[in-house]
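The next block holds one structure in the form of structure tokens; read it before the comments.
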Amino acid sequence: MKREMIYEGKAKKVYKTEDKDKYIVEYKDDATAFNGKKKGTIVGKGVVNNKMSAAMFMLLEEKGIPTHMIELINDRESLVKAVEILPIEVIVRNVAAGSLAKRLGLEEGTVMDKTVLEFCYKNDDLGDPMINEYHIAALNLASEEQLKEVRKYAFNINEVLMNYFQERGIRLIDFKLEFGLYKGEVILADEISPDTCRLWDAKSNKKLDKDRFRRDLGQVEETYQEVLKRIQ
Ligand code: TMP
């Protein structure tokens, strides 16, 4: 049973339940880019992101990675463990794209010799600036031990997801993760969806993710449906 809303973000709402250890997450169709400067709606996105995230979290659980997922409730809602989110965005990159391509002057699509892990400080007022492990320690955003877990899980998740998408004709270019604390343990939270991953078609390199919205590439809704179809 849904109780009061405790958080509304750009793409999701989070509600308390009668159980203090469980939250309900509701996925919206609202889409933003460039730290909220661009606003729009992607019809059906909430349903796609809810269902896809549930499937990704269940897959990761099977592979031994703890996540906040409890169960899918309906098309737009999931029951999750009530975590306290670490204010760090964890970005994993296999291929240069987006802000990394720009920052380092690499052509988008350049395959890198090593998987890159980046951290951003989750702070909308500051535009989620990139930080390193010294900043994380200096600002007390996570303990040394928690960060070690985050790093280990991030690389494990990358392995699992790369294989999974490859089998479905999709290249996993990069993605963003968020972790939370649940009863003192670090677990994966937030979502894994076309909003938070760059996914390219393996044959054509067609963008199958939120870049279609960010960059006005068209076929936005159709692409979200296509990704869901491929993973179901
Ligand atoms: P970037 O290249 O723009 O830094 O994005 C890296 C990855 O992070 C990409 O897969 C999209 C995802 N991402 C989010 O999930 N939320 C955000 O606010 C941004 C900017 C990127």
Side-chain angles (χ1 to χ4, degrees), residues 7-12 14 25 27-40 42 45-46 48-50 52-53 56-57 60 67-68 85-112 114-132 135 150-151 153-155 157-162 164-166 170-180 188-201 205-217 220 223-224 227 231:
Y7 169 83
E8 178 164 13
K10 289 177 285 224
K12 298 189 285 298
V14 180
V25 180
Y27 287 76
K28 305 189 284 185
D29 284 352
D30 299 351
T32 64
F34 315 118
N35 201 19
K37 284 194 207 75
K38 176 176 176 144
K39 288 193 177 69
I42 302 173
K45 174 172 84 81
V48 171
N49 289 7
N50 182 37
M52 176 165 167
S53 292
M56 298 300 97
F57 288 136
L60 292 167
T67 80
H68 73 164
I85 294 280
L86 296 174
I88 302 170
E89 296 196 343
V90 180
I91 297 166
V92 181
R93 301 181 183 269
N94 298 305
V95 176
S99 67
L100 176 134
K102 205 179 239 176
R103 196 182 330 121
L104 301 185
L106 296 172
E107 192 182 339
E108 214 174 41
T110 306
V111 180
M112 298 183 290
K114 200 170 165 32
T115 296
V116 170
L117 189 67
E118 290 173 354
F119 300 109
C120 291
Y121 180 26
K122 202 173 143 60
N123 183 319
D124 280 340
D125 293 338
L126 301 176
D128 300 337
M130 192 159 96
I131 51 173
N132 66 28
H135 299 112
V150 163
R151 234 184 279 119
Y153 289 143
F155 284 106
I157 291 165
N158 188 41
E159 287 301 312
V160 172
L161 295 185
M162 274 220 288
Y164 179 85
F165 285 118
Q166 196 174 16
I170 294 173
R171 297 174 72 199
L172 179 61
I173 304 301
D174 59 30
F175 57 97
K176 187 263 298 180
L177 301 170
E178 293 183 26
F179 292 86
L188 180 66
D190 195 48
E191 65 180 281
I192 299 179
S193 71
D195 275 17
T196 63
C197 301
R198 281 199 175 90
L199 306 167
W200 293 2
D201 180 77
N205 277 330
K206 180 179 172 187
K207 291 177 180 21
L208 305 175
D209 55 60
K210 195 179 168 188
D211 274 346
R212 301 208 73 81
F213 168 79
R214 294 188 189 101
R215 303 179 187 188
D216 296 319
L217 301 177
V220 183
T223 299
Y224 275 75
V227 172
I231 68 162

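If you read the sequence from its start, that first residue is 1, and numbering goes on from there. Indexing begins at 1, ligand by ligand and atom by atom, following the structure's order. Below, all heavy atoms of this structure are taken into account, side chains as well, without hydrogens, waters or symmetry copies.
For D128, there are no side chain to side chain donor-acceptor pair (under 3.5 Å) partners at least two apart in sequence or on another chain. Taking D125 as the reference, nothing meets the side chain to side chain donor-acceptor pair (under 3.5 Å) condition, with sequence neighbours excluded.
Checking D190, D128, V90 against atom 18 (O) of ligand 1, the nearest heavy atom belongs to D128. For atom 15 (O) of ligand 1, the nearest non-hydrogen atom from the set K210, K176, E89, E178 comes from K176.
When non-hydrogen atoms are compared, ligand 1 lies under 4.0 Å from neither the backbone nor the side chain of E191. With a heavy-atom cut-off of 4.0 Å, R93 touches ligand 1 through its side chain alone. When non-hydrogen atoms are compared, ligand 1 lies under 4.0 Å from neither the backbone nor the side chain of A101.
Of all the atoms in ligand 1, the ones that sit under 4.0 Å from a non-hydrogen atom of F175 are 10 (O). Counting atoms of ligand 1 from 1 in the listed order, those under 4.0 Å from a heavy atom of D195 are 15 (O). Set against the non-hydrogen atoms of R198, the atoms of ligand 1 under 4.0 Å away are 1 (P), 2 (O), 3 (O), 5 (O), 6 (C), 9 (C), 10 (O). Counting atoms of ligand 1 from 1 in the listed order, those under 4.0 Å from a heavy atom of D174 are 7 (C), 9 (C), 10 (O). Close approach of ligand 1 to T196 is summarised as follows: ligand atoms under 4.0 Å from at least one heavy atom of the residue are 10 (O), 12 (C), 15 (O). Taking every heavy atom of G98 and a limit of under 4.0 angstrom, the matching atoms of ligand 1 come to 2 (O).
Residue V116 is tested with L100, I91, V95, V92 for a side chain to side chain contact (heavy atoms under 4.5 Å, CB included); the sole match is L100. Considering K210, K45, K10, K12 as possible partners of D195, the one that fulfils the side-chain hydrogen bond (donor to acceptor under 3.5 Å, both in side chains) test is K45.
In the model, N49 has no side-chain atom that pairs as donor or acceptor with a side-chain atom of Y224 under 3.5 Å.
A cation-pi arrangement is found for K207 relative to W200, the charged atom lying closer than 6.0 Å to the ring centre and inside a 45° cone about the ring normal.
Note that the CZ atom of R171 and the SG atom of C197 stand 14.5 Å from one another [nearest 0.5 Å].
Residue K122 places no heavy atom under 4.0 Å from ligand 1.
Y153 and F179 have parallel rings, their planes meeting at less than 30° on a 0 to 90° scale where 60° marks the start of perpendicular.
Here the heavy atom of the protein found nearest to atom 4 (O) of ligand 1 is S99 OG, 2.5 Å. For atom 19 (C) of ligand 1, the closest non-hydrogen atom of the protein is R214 NH2, 4.6 Å.
The presence of a protein heavy atom under 4.0 Å from atom 9 (C) of ligand 1 is confirmed.
Between the side chain of Y164 and the backbone N or O of M56, no donor-acceptor pair lies under 3.5 Å.
In terms of heavy-atom proximity, G46 sits nearest to D29 at N-OD1, 2.8 Å.
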